[in-house]
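To keep things clear, I will list the structure first and then write my remarks on it.
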Amino acid sequence: VVLFVMCSSTLPFEDEDDEVLEQRLREMIDKPEIPVANNKGLFQMPVWNKVSEEAKSLVKSMLTPDPGSRPNASEVLQHPWFQRVGGKRGGH
């Protein structure tokens, strides 16, 4: 979630209406194969047009609902996006 926020300046699930937010969270739990972000899909918001496919790939893998399927910290650091931007500032 932190990397998602760093890349997009939004949460992967947010809404001012608590009932709508609760429904979206339920949808994410009930249908984890369909990520929801502001009801537009995970990377459908315009801000994601400026984010590399490598960064999107990493964010998607880290938001996998099944904790056993998510990459661990070592795997995240070995991801191609981290390898490419390692040491660079502001690269996404």
Problem set entry | For Ser61, all residues meeting side chain to side chain contact (heavy atoms under 4.5 Å, CB included), sequence neighbours excluded | Leu58, Pro71

Problem set entry | Qualifying residues under side chain to side chain contact (heavy atoms under 4.5 Å, CB included), relative to Ser69, sequence neighbours excluded | Thr64, Asp66

Problem set entry | Side chain proximity check, Trp81 to Ser57, heavy atoms < 4.5 angstrom | no

Exercise. Looking at residues at least two apart in the chain, or sitting in another chain, which of them share a salt bridge (charged side-chain N to carboxylate O under 4.0 Å, His left out) with Glu75?
Worked result: none

Exercise. Who are the side-chain hydrogen bond (donor to acceptor under 3.5 Å, both in side chains) partners of Glu53, not counting sequence neighbours?
Worked result: Lys56

Problem set entry | Heavy-atom donor-acceptor pair, Gln78 side chain to Ala73 backbone, under 3.5 Å | no

Seminar exercise, completed: Smallest heavy-atom separation, Val51 atom then Cys7 atom, equals CG2-O, 3.8 Å

Seminar exercise, completed: Closest non-hydrogen contact found for Leu3 with Met62 is CD2-SD, 3.8 Å

